[in-house]
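Here is how names work: the chains are called A, B, and so on, in the same order as the sequence lines, proteins then strands, and each is numbered from 1. The figures that follow rest on heavy atoms only: side chains count, while hydrogens, waters and symmetry mates do not.
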Number of protein chains: 2
Amino acid sequence: MNSNGEGAAQARETGTLGKLMVLLDLVTHAHAPLRFTDILALAGQPRGTLHRQLSHLLEEGLLELDGDGRYAPGLRLLDFAARSWARNEFRLIAEPHLSDLQQATGETVHLGVLRGQSIIYLDKVDGRQPVRMYSQIGNASPCYCTGVGKAALSLLPAESLVDLLAGLSFTSFTASTHRSAETLLAEIREIADQGYAFDREEHEAGICCVAAPVWSQDRTFIGGISITGPAYRLSMELLRQWAVPVQLAAGRIMEDMRIRLGPRR
Amino acid sequence: MNSNGEGAAQARETGTLGKLMVLLDLVTHAHAPLRFTDILALAGQPRGTLHRQLSHLLEEGLLELDGDGRYAPGLRLLDFAARSWARNEFRLIAEPHLSDLQQATGETVHLGVLRGQSIIYLDKVDGRQPVRMYSQIGNASPCYCTGVGKAALSLLPAESLVDLLAGLSFTSFTASTHRSAETLLAEIREIADQGYAFDREEHEAGICCVAAPVWSQDRTFIGGISITGPAYRLSMELLRQWAVPVQLAAGRIMEDMRIRLGPRR
DNA sequence: AATTGAGTTCCAAATAATGGAACACTGGCA
DNA sequence: TGCCAGTGTTCCATTATTTGGAACTCAATT
């Protein structure tokens, strides 16, 4: 669902809303605030139309105009997100288990869910240093080069998996990033067997992790948890050792969800 | 020039988008996921219309359907917010100064900006305990009962202030919450003179703070920073002492903005 | 089998969005 | 100064989307 590789068929059936969301995507994905003309070029729409659309987004607080008349993401988005996050049941249930895992290992622990082709990080419990909050939470990362992503993919039924893989476009973030659906699929099969996944510096050089899949009974959530850290500290041997506690924590989260959400949703 | 500024109710001129945002507001403000019928009652719209609107929001990922067919805030909101937050210039500039202030006092430090009648918290640097992230960030609080809020109001030109106060409705969160525009206005005048504001358990019992106003040259941002903590630990005497460091930190933030954003935006 | 409640689909009428063009504002630059 | 190019804003007939009432499905209850 991210702006990643959806080149061709992007015909969303959401009418006016869809067009506005494309604009929101443009502005929030930009590396700096955009001027009207920049957006005009990117969006490829008539000036008058674009102007009114942007006005509406401004008036709703979804976008803001900075001092130089450039368009930046609006703070209302923060407000929405804060509430969306605070009440998220999956996150609330997982939280204590993430903390336990962090205590046991001393490293950073993540919780993420699969949304479209991306992993969205729902929570993070950081090791030592005074957390730079939001640093990861809410971020969307590709599913094919993150531990949580590959763990999540291993939960998908064969058909959905093939469909999803077919739509992927592989960006080579590091030397070890997967470059094709074939190698990825092979690894995902392995992950499905063993019940845990590694990220061997596939998304970011020097960062690796071990992850385990987590899902809700009704499959509303398909995601995972991971222990992440610098490669120099986290040897493959150590990661392999941690596969067990990560899987145990994942199991406890799912058990808690069964209790809290009722057995037969 | 749209001179219809006296909107008694919320007659937003944002067409289709405005109607959809009302729905998003309903769902994100609810304490639990809402069923279709709940929203139907709250929104007061024809069934067919509401159904299509919700479908569009679902398809865009702004809302999600939980296992029981109830509507919950969508995770796409998190994705938008994460980017909006990460690139926010005001926050980036203020960040080191917030940390400094936290180091100097050992208490929690907040950064907030005024948006409409609310303060939206942009950042937080917490004292000791491993931060519960997002806990405050993104939250919208009333301007009339928070230190940052009152500090921000003290920056407004008289006319805007009167307009804003006229539109406020006062909720008594604690015994010391302002109950009328008159007493509030008196305090704001005082704050404007002295350059700092207190919150004496006005929003939450047992929590108080001292805050100083911060603004950007072009007045795009009007906000403040605060030192917050439990009343038993933060005596009025201590808060008064901290008024100076808070004002100094605020000054440094504004100086950095001048440097970074250029002198005459 | 009949009833109720919840959610979904349909389509003519009402409404809002579209897009081309004209209009303003600004800051060079000859 | 006057001209020009680049930017952003406004207008309005045309076009497409949204609206809303009603009919329909589905499942659980009586």
Side-chain angles (χ1 to χ4, degrees), chain A residues 10-27 30 32-60 62-72 74 218 220 262-265, chain B residues 1-5 7 9-27 30 32-60 62-72 74 217-218 220 262-265:
Chain A
Q10 176 56 356
R12 284 191 279 207
E13 272 310 312
T14 49
T16 306
L17 177 62
K19 296 163 200 160
L20 292 172
M21 295 306 283
V22 169
L23 293 181
L24 246 194
D25 255 341
L26 276 178
V27 174
L34 297 170
R35 289 172 319 165
F36 180 86
T37 316
D38 300 331
I39 305 178
L40 186 63
L42 289 167
Q45 290 201 78
R47 304 154 74 79
T49 301
L50 181 65
H51 189 261
R52 180 184 34 75
Q53 288 171 334
L54 291 174
S55 304
H56 285 179
L57 289 169
L58 284 177
E59 191 159 349
E60 288 294 341
L62 300 176
L63 291 181
E64 298 189 357
L65 224 37
D66 76 2
D68 301 329
R70 293 173 310 183
Y71 291 85
D218 57 8
T220 302
R264 61 181 176 99
R265 290 166 53 125
Chain B
M1 262 273 242
N2 289 326
S3 60
N4 39 350
Q10 45 199 121
R12 283 190 280 208
E13 271 309 312
T14 49
T16 306
L17 177 62
K19 295 164 199 159
L20 292 172
M21 295 306 283
V22 169
L23 293 181
L24 246 193
D25 256 339
L26 276 178
V27 174
L34 298 171
R35 289 174 318 166
F36 181 86
T37 317
D38 300 331
I39 304 178
L40 187 63
L42 290 167
Q45 292 202 77
R47 306 153 72 79
T49 301
L50 182 65
H51 189 261
R52 180 184 35 76
Q53 289 171 332
L54 290 175
S55 304
H56 285 181
L57 290 169
L58 284 177
E59 190 158 352
E60 288 294 339
L62 300 176
L63 291 181
E64 298 188 357
L65 224 37
D66 76 1
D68 301 330
R70 294 172 309 184
Y71 292 84
Q217 295 102 304
D218 57 9
T220 302
R264 62 185 175 99
R265 292 165 53 125

[X] has an atom [atom1]; how far is it from atom [atom2] of [N], in whole Å?
X	N	atom1	atom2	value
B:D66	C:dG7	CG	P	12 Å
B:L65	C:dA6	CG	P	16 Å
A:D68	C:dG27	CG	C1'	15 Å
B:Y71	C:dA6	OH	P	14 Å
A:L50	D:dT9	CG	C1'	12 Å

Verify the contact: side-chain N or O of [X] to OP1 or OP2 of [N], cut-off strictly under 4.0 Å; return yes or no.
X	N	answer
B:H51	C:dT8	yes
A:Q53	C:dT18	yes
A:T16	C:dA16	no
A:T37	D:dG6	no
A:R47	D:dT7	no

- Item | Closest-nucleotide ordering on DNA chain D, the 5'-leading residue of A:L17 and A:G69 |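 That would be A:G69.
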- Message: On DNA chain D, compare the nucleotides closest to A:T49 and B:K19; which residue's is nearer the 5' end?
- Response: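 On the 5' side of the pair lies A:T49.
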- So how far is it from B:H56 NE2 to B:Q53 CD, rounded to the nearest 0.5 Å?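 Spacing of NE2 (B:H56) from CD (B:Q53) equals 9.0 Å.
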- A:R35 near the nucleic acid: base, sugar-phosphate alone, or nothing, with a heavy-atom cut-off under 4.0 Å?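 Since only primed, P, OP1 and OP2 atoms lie under 4.0 Å of A:R35, the category is sugar-phosphate.
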- Residue among B:L20, B:I39, B:L24, B:L34 satisfying side-chain contact (heavy atoms from CB on, under 4.5 Å) with B:L63: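 By the side-chain contact (heavy atoms from CB on, under 4.5 Å) criterion, B:L63 pairs with just one of B:L20, B:I39, B:L24, B:L34: B:L24.
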- Nearest non-hydrogen partners of A:A72 and A:V27, listed with the distance: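 For A:A72 versus A:V27, the nearest heavy atoms are C-CG1, 3.8 Å.
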- Item | Closest non-hydrogen atom pair between A:E64 and A:G74, with its separation |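 What the structure gives for the nearest pair is CG-CA, 3.4 Å.
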- With respect to the side chain of B:H56, which nucleotide from C:dT8, C:dT18, D:dT18 is positioned closest?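 Of C:dT8, C:dT18, D:dT18, D:dT18 is nearest to the side chain of B:H56.
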